[in-house]
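Just below is one structure, and these are the notes that go with it.
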Amino acid sequence: MEEAEAERTWNRETIPKVLRIVSTRLPQRDLISLLLVSPWLHRTLLSYPSLWLVLDLCEMGNAGNRLVAAISLPRYHHVKQIKLEFAQDIEDKHLELLKSKCSDSLQNLESLNLNGCQKISDKGIEAITSACPILKIFTIYWNVRITDMGMEHLVKNCKHVTDLNLSGCKNISDKSLQLVAENYPKLESLNLTRCIKLTDHGLLQIVFKCSFLQSLNLYALSGFTDEAYKKISLLAHLKFLDLCGAQNLSDEGLSCMAKCANLVSLNLTWCVRVTDAGVIAIAQGCTSLEFLSLFGIIGVTDECLEALSRSCSNTITTLDVNGCIGIKRRSRDELLHLFPYLKCFKVHS
């Protein structure tokens, strides 16, 4: 009798105290497993609404049915973040079910990750975005079904997006960028990696109208010209800029970008037209640089490295000059002499 009472006291008093400490540090999948351990654990976990603001189904199988089933549960009625990165078996029909049966539960959704969900099309985007009026973060990396129509649905239904990742969505065009520019003037982060149909016209729409951009990823896009690159200088708040593979970027274009005085990360990997002149301009104008990759640029020499040391030695922590045959090969100690806070010497291999 005493043992039974002690167990009840333990369940009633000790378990909630322990869970209050550890629950916020556990992965959500572990929390879900704990729900099945005992009624005490189940009740205790459900009493903390903050634990159920995130739904993580990344890389899981049967994710479409799991998603619909989860959002139907009361504990997810105030979910703010849904992660479906590389989740399997999720299709448009599941997003349409959410719209028709669970739209009330998505009213507080702020972040939706559909990265790698390749069966989702414009139809699915229309359904899910119509149920998420305050969405702020939308990421749909590596989706070749999404077109400009999908972007029309997004900007129509979600007016507050500040973080947009369209990396690998190779079927969107300048029209999508025009829609984004016209509807998201407060956009802070934009990833256009490998969106191969884009031209100067689309990029300029973004540069002219999204003046609050802090992060711009143009990785593996060789179609832009120097005229568009020069205008990036208008983005006064820019901190992160990825121009890997910008084959048309010249020293003149890069020198214009030196006006982005807040830059902390700049990827110039394989920007083959760049020489010392452009990098020296960056060194002089962007004195807060922490990350810089010059990987594969054969036109730079020790002259630009010395300029970087004079202006950015107290900030640079990552520097990649591998493949820069004009720069003298140095040991780690020699590089640390120039850049005492350097922690990473190689980004690419």
Side-chain angles (χ1 to χ4, degrees), residues 79-82 84 92 95-96 98-99 103 106-115 117 120-219 221 223-224 228-229 231-242 260:
V79 66
K80 289 189 175 182
Q81 185 176 4
I82 295 178
L84 294 166
D92 289 340
L95 302 186
E96 291 173 326
L98 288 183
K99 175 185 177 181
S103 59
L106 299 174
Q107 296 300 299
N108 295 308
L109 193 69
E110 296 180 357
S111 176
L112 177 60
N113 185 330
L114 293 173
N115 287 346
C117 297
I120 301 300
S121 72
D122 295 336
K123 189 177 180 181
I125 298 304
E126 179 181 20
I128 191 66
T129 58
S130 66
C132 309
I134 67 168
L135 195 68
K136 297 178 182 178
I137 301 172
F138 182 68
T139 174
I140 191 163
Y141 159 82
W142 196 27
N143 185 304
V144 297
R145 296 192 178 193
I146 299 300
T147 69
D148 296 331
M149 182 62 71
M151 290 301 101
E152 285 189 26
H153 297 316
L154 175 67
V155 301
K156 175 185 176 182
N157 296 325
C158 304
K159 303 296 185 182
H160 307 286
V161 172
T162 58
D163 189 326
L164 182 59
N165 185 347
L166 301 174
S167 173
C169 297
K170 66 179 185 179
N171 284 316
I172 66 167
S173 73
D174 288 340
K175 182 179 179 180
S176 285
L177 294 195
Q178 183 172 349
L179 288 167
V180 169
E182 291 174 349
N183 289 276
Y184 298 141
K186 295 184 178 180
L187 192 69
E188 296 177 1
S189 179
L190 179 62
N191 190 331
L192 299 172
T193 293
R194 293 192 174 93
C195 294
I196 56 177
K197 290 186 177 181
L198 303 181
T199 70
D200 283 0
H201 177 73
L203 180 57
L204 288 173
Q205 294 292 312
I206 294 294
V207 169
F208 290 145
K209 297 179 182 177
C210 298
S211 59
F212 290 93
L213 266 183
Q214 297 180 30
S215 176
L216 180 60
N217 195 324
L218 303 177
Y219 184 99
L221 293 174
F224 300 132
Y229 290 131
K231 298 301 181 182
I232 290 177
S233 61
L234 297 174
L235 300 175
H237 300 282
L238 201 62
K239 294 181 178 180
F240 174 97
L241 179 60
D242 194 327
C260 299

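Since the structure is predicted, the reported quantities are computational estimates derived from the model, not experimental observations.
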| said: Distance alone, cut at 3.5 Å: any donor-acceptor contact between the side chains of Asn113 and Thr139? | reply: no

Donor-acceptor pair, side chain of [X] and main chain of [Y], under 3.5 angstrom:
X	Y	value
Asn217	Thr193	no
Asn165	Tyr141	no
Asn108	Lys80	no
Asn157	Cys132	no

| Taking it one step at a time, do Leu154 and Tyr184 satisfy side chain to side chain contact (heavy atoms under 4.5 Å, CB included)? | CA-CA 11 Å; Leu154 175 67; Tyr184 298 141; 3.6 Å; yes

Could you report the tightest heavy-atom contact between [X] and [Y], atom names first, then the distance?
X	Y	answer
Ile232	Leu241	CG2-CD2, 4.2 Å
Lys209	Ala181	CB-O, 3.6 Å
Leu198	Leu192	CD1-CD1, 3.9 Å
Cys195	Leu166	SG-O, 3.2 Å

| request: Could you check whether the rings of Phe224 and Tyr229 sit parallel, tilted or perpendicular, using 30° and 60° as the cut-offs? | output: perpendicular

| request: Determine, stepwise, if the pair Ile120 / Arg145 fulfils side chain to side chain contact (heavy atoms under 4.5 Å, CB included). | output: CA-CA 7 Å; Ile120 301 300; Arg145 296 192 178 193; over 6 Å; no

| Among Asn183, Leu164, Leu135, Leu112, the one residue meeting side chain to side chain contact (heavy atoms under 4.5 Å, CB included) with Cys158 | Leu135

Can you find a pair of side-chain heavy atoms, one from [X] and one from [Y], that are under 4.5 Å apart?
X	Y	result
Ile128	Leu106	yes
Gln107	Ile134	no
Tyr219	Arg194	yes
Gln178	His201	yes
Met151	Ile146	yes

| message | Does Lys159 have more than 12 heavy atoms from other residues, nucleotides or ligands lying within 6.0 Å of its NZ? | response | yes

| said: Heavy-atom count check: over 12 atoms from other residues, nucleotides or ligands less than 6.0 Å from Lys231 NZ? | reply: no

| task | Check the pair Leu187, Leu213 against side chain to side chain contact (heavy atoms under 4.5 Å, CB included), reporting the backbone distance first and the verdict last. | result | CA-CA 6 Å; Leu187 192 69; Leu213 266 183; 4.2 Å; yes

| message | I'd like to know if Lys99 and Glu126 make a salt bridge, using a cut-off of under 4.0 Å between side-chain N and carboxylate O. | response | no

